[in-house]
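Here is the structure we will look at.
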Protein chains: 2
Amino acid sequence: MDQVAEAAGVSRATVSRVINGAPSVDSKIREMVQRAIADTGYVPNVAARSLVTRRSNSVALVISEPDRPDNHSFLNRIFTDPYFGRITAGATSALRPHDIHLVVIPTDSTDHHQVVRYLRQGHVDGVLLISSHEQDTLPRQVHDLGIPAVVSARPTSPIAVSYVDVDQRLGARLAAEHLLNRGCRALATISGPLDIPSGLDRLDGFRSFLAGRGFPTVPSVEGDFTRAGGEAAARRLLTDFPDIDGLFVANDLMAEGALRLFQDLGRRVPDDIAVVGFDDSSAALDCRPLLTTVRQPVEEMAAEMAEVLMAHIATPGRLPRSVTFQPSLVIRDSA
Amino acid sequence: MDQVAEAAGVSRATVSRVINGAPSVDSKIREMVQRAIADTGYVPNVAARSLVTRRSNSVALVISEPDRPDNHSFLNRIFTDPYFGRITAGATSALRPHDIHLVVIPTDSTDHHQVVRYLRQGHVDGVLLISSHEQDTLPRQVHDLGIPAVVSARPTSPIAVSYVDVDQRLGARLAAEHLLNRGCRALATISGPLDIPSGLDRLDGFRSFLAGRGFPTVPSVEGDFTRAGGEAAARRLLTDFPDIDGLFVANDLMAEGALRLFQDLGRRVPDDIAVVGFDDSSAALDCRPLLTTVRQPVEEMAAEMAEVLMAHIATPGRLPRSVTFQPSLVIRDSA
DNA sequence: CGGTCGCCTGAGAGCGCTCTCAACGGCGCT
DNA sequence: AGCGCCGTTGAGAGCGCTCTCAGGCGACCG
């Protein structure tokens with residue numbers, strides 16, 4: 001930097017001003033400095049800058065999920081799940097124009113030690129926190145740290161934190177309505193894990209809407225949001241209720257598994273049994289028949305999380321706010 | 001830090017020594033300092049540390065792929081592809097014990113401006129570079145920057161850089177041998193993009209092995225490593241060569257697409273046509289029938305990349321080295 | 001008992017940047 | 001013509017840490 005200053009015949013302060021685009025620099029001088037920068041091949045040292053600005057220009061994407069005994073499969077599941085992929089994609093694209101980079105940190109939702117230490121050390125300016133499990137204490141811990149954060153779903157305990165969510169119950173209702181409109185009368189559902197709010201809300205939304213339409217009891221089986229889990233759940237469901245003609249599955253991956261089973265069993269979809277998924281992830285297009293599903297704009301939601309986070313970082317005292325997206329029904333071939 | 005020093009009755013230098021685990025500290029003093037750290041809730045400032053150590057304790061995972069016109073789908077494809085997911089998982093798990101974090105940076109392989117600037121600024125200590133396209137200049141640019149790097153495949157131009165790869169030709173040969181052993185005699189292949197070495201090597205390995213076994217010409221269609229691409233390629237192949245009974249597909253995703261087509265067409269797998277994939281990704285288990293495939297230990301390869309990178313970072317002058325993994329055949333139901 | 005060696009510790013100089021504050025010069029006003 | 005103000009620049013003080021180097025003290029040896 002001293003070199004640049006000397007080459008341009010100005011002080012370090014002025015070089016700094018040019019680099020940071022301060023308006024109060026004479027245009028001739030600005031030009032000279034820029035030429036000097038180009039000539040010397042000068043590149044600012046980010047550590048030194050961070051030290052004084054207290055900004056790192058990066059944010060963490062923390063994915064907090066219950067660990068499996070075997071850590072290997074845990075990471076594999078996380079990074080292979082299209083849901084998290086879409087989140088990463090959405091966040092990346094929103095952050096890019098701000099020149100902010102993303103540090104991806106998967107963590108066991110029962111042991112936040114490492115992550116908390118990382119965050120406290122000031123590596124990042126803020127956190128995008130993907131945490132869905134009810135008993136997960138990370139949202140609260142992050143909140144207590146006082147570091148800017150946005151959570152991916154309405155926190156279960158009332159924390160003053162910004163979050164972005166989709167109207168889960170409305171989504172379930174859209175599915176129920178569609179199945180009803182098709183003429184299905186023996187409805188059932190494969191729910192998500194019931195210890196996570198989105199799992200619960202989709203189940204409850206589905207049931208309570210149907211209750212209002214004269215279906216007081218609707219069979220359900222709990223799934224785990226994986227393809228294999230969906231297949232197993234569908235099998236159980238069919239054993240107990242062989243006559244169902246309409247099925248709402250709480251995410252696309254499980255729906256894909258269910259479709260596979262129906263195919264193996266020779267049940268025609270949607271003629272024998274209509275299936276509606278949830279997410280509208282790429283999995284919905286990998287099914288046969290193509291999956292009718294409730295669209296959740298995950299990329300846009302992640303981008304919104306990023307924008308809200310940027311706002312929090314820019315104006316520290318800012319009050320938390322929540323943004324709720326509307327789901328929509330995407331009708332394809334399975335229902 | 002001054003607070004801690006005062007509380008423990010020592011100098012800042014000693015506090016620093018304790019934090020960094022220097023051996024030459026009296027155990028009583030060490031204890032006092034640790035207590036002081038706990039009491040004051042002191043957390044080191046990473047920016048200040050980076051400024052003097054010139055280490056950031058993070059590395060970049062740069063994924064360089066040709067962009068699509070629409071950037072949105074580009075990011076989506078990257079982060080939804082299980083291959084990249086496995087890489088991320090493998091790298092993360094290898095880096096975690098070193099307390100190194102991963103900054104994920106997708107980039108258009110034709111415009112490296114942003115990435116290069118990022119790397120030059122010293123944000124990261126090294127780069128894991130996922131780049132497969134032949135004409136991609138990023139490996140060379142990174143090499144010229146002089147920053148520690150490991151590439152995911154043998155670079156096409158001879159650059160003195162470390163890389164990790166799998167024996168592509170051997171993998172293709174395993175597939176060919178297996179199809180032959182099953183009794184298939186009308187063989188064909190869906191290749192990967194032919195402007196990327198792995199695509200070329202798998203095709204060439206397949207063909208040249210078969211040539212040696214009395215099959216001088218083997219039909220092939222070029223695919224794009226996506227499910228939809230695989231389905232389209234299979235359709236084209238079947239149009240021109242309706243009688244093939246053994247098919248090698250250059251990755252699992254395309255194989256899944258092909259299987260889907262065969263199912264729609266009523267071709268039985270493996271009885272009418274045997275199919276062997278490549279990768280052994282999660283997609284292989286999402287197919288019906290379960291996919292026989294050439295296993296590429298992607299997670300282990302990514303972990304090895306990380307280890308090699310750590311070594312380069314630790315000892316700057318270290319000579320580049322390459323590690324080649326052996327593929328293996330995983331026999332399931334499709335062949 | 002004195003000298004010397006070696007182990008620990010403390011003092012202090014940076015690392016490379018930003019940012020405040022003061023100085024300077026030119027301009028417009030009275 | 002003098003005064004004051006604004007716009008622009010430079011000087012210099014940190015930001016919080018590491019690390020070298022010198023000094024002190026105890027131990028061991030002669």
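Lettering follows sequence order; numbering is per chain, from 1. Side chains included, hydrogens not; waters and symmetry mates left out as well; all remaining heavy atoms used.
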Query - Closest heavy-atom pair and its distance - B:Val15, B:Val33 - result: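 Shortest heavy-atom separation between B:Val15 and B:Val33 comes out as CA-CG1, 4.1 Å.
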
Query raised in the report: When the ring planes of B:His123 and A:His101 are compared, do they come out parallel, tilted or perpendicular, using 30° and 60° as the limits?
Result: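 Ring orientation of B:His123 relative to A:His101: tilted.
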
Query raised in the report: So which one's nearest nucleotide on DNA chain C is more toward 5', B:Val52 or B:Pro23?
Result: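 Taking each residue's closest nucleotide, the earlier one in sequence belongs to B:Pro23.
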
**Report entry** Closest-nucleotide ordering on DNA chain C, the 5'-leading residue of B:Gly9 and A:Thr53
**Finding:**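 Nearest nucleotide further toward 5': that of B:Gly9.
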
To the nearest Å, give me how far apart [atom1] ([X]) and [atom2] ([N]) are.
X: A:Leu51; N: C:dG14; atom1: CG; atom2: P; value: 17 Å
X: A:Met32; N: D:dG10; atom1: CE; atom2: P; value: 11 Å
X: B:Asn57; N: D:dC17; atom1: CG; atom2: P; value: 15 Å
X: B:Asn45; N: D:dG16; atom1: CG; atom2: P; value: 7 Å
X: B:Asp26; N: C:dG6; atom1: CG; atom2: C1'; value: 15 Å
X: B:Arg49; N: C:dC17; atom1: CZ; atom2: P; value: 21 Å
X: A:Arg55; N: D:dC15; atom1: CZ; atom2: P; value: 18 Å
X: B:Ile29; N: C:dC7; atom1: CD1; atom2: P; value: 16 Å

Query raised in the report: Base, sugar-phosphate alone, or nothing: which one does A:Val46 contact when heavy atoms must sit under 4.0 Å apart?
Result: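 Here A:Val46 touches no strand at all.
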
Query raised in the report: Across the strands shown, which category fits B:Arg54 at heavy-atom distances under 4.0 angstrom: base, sugar-phosphate, nothing?
Result: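 If one applies the 4.0 Å heavy-atom cut-off, B:Arg54 turns out to touch the sugar-phosphate alone, with no base involved.
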
Requested in this report: Could you check which of C:dG16, D:dG12, D:dT18 has an atom nearest any side-chain atom of A:Ala13?
Outcome: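 Taking heavy atoms from C-beta onward, the closest nucleotide is D:dG12.
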
Requested in this report: Counting heavy atoms from C-beta on, name the nucleotide in D:dT18, C:dC8, D:dC17 closest to the side chain of B:Pro44.
Outcome: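 Side chain of B:Pro44 sits closest to D:dC17.
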
Query raised in the report: Looking at side-chain heavy atoms only, is the closest gap between A:His112 and A:Asp136 below 4.5 Å?
Result: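 A:His112 reaches A:Asp136 side chain to side chain.
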
**Report entry** Residues A:Asp125 and A:Ser56: side-chain donor-acceptor under 3.5 angstrom
**Finding:**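 Yes, because at least one side-chain N or O of A:Asp125 sits under 3.5 Å from a partner of the opposite role on A:Ser56.
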
So, OP1 or OP2 of [N]: does either fall under 4.0 Å of a side-chain N or O from [X]?
X: A:Ser16; N: C:dC17; answer: no
X: B:Asn20; N: D:dT18; answer: yes
X: B:Arg12; N: C:dG12; answer: no
X: A:Thr14; N: D:dG10; answer: yes

Query - Partners meeting side-chain hydrogen bond (donor to acceptor under 3.5 Å, both in side chains) with B:Gln3 (sequence neighbours left out) - result: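 Testing B:Gln3 for side-chain hydrogen bond (donor to acceptor under 3.5 Å, both in side chains), a comparison that skips the adjacent residues, returns none.
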
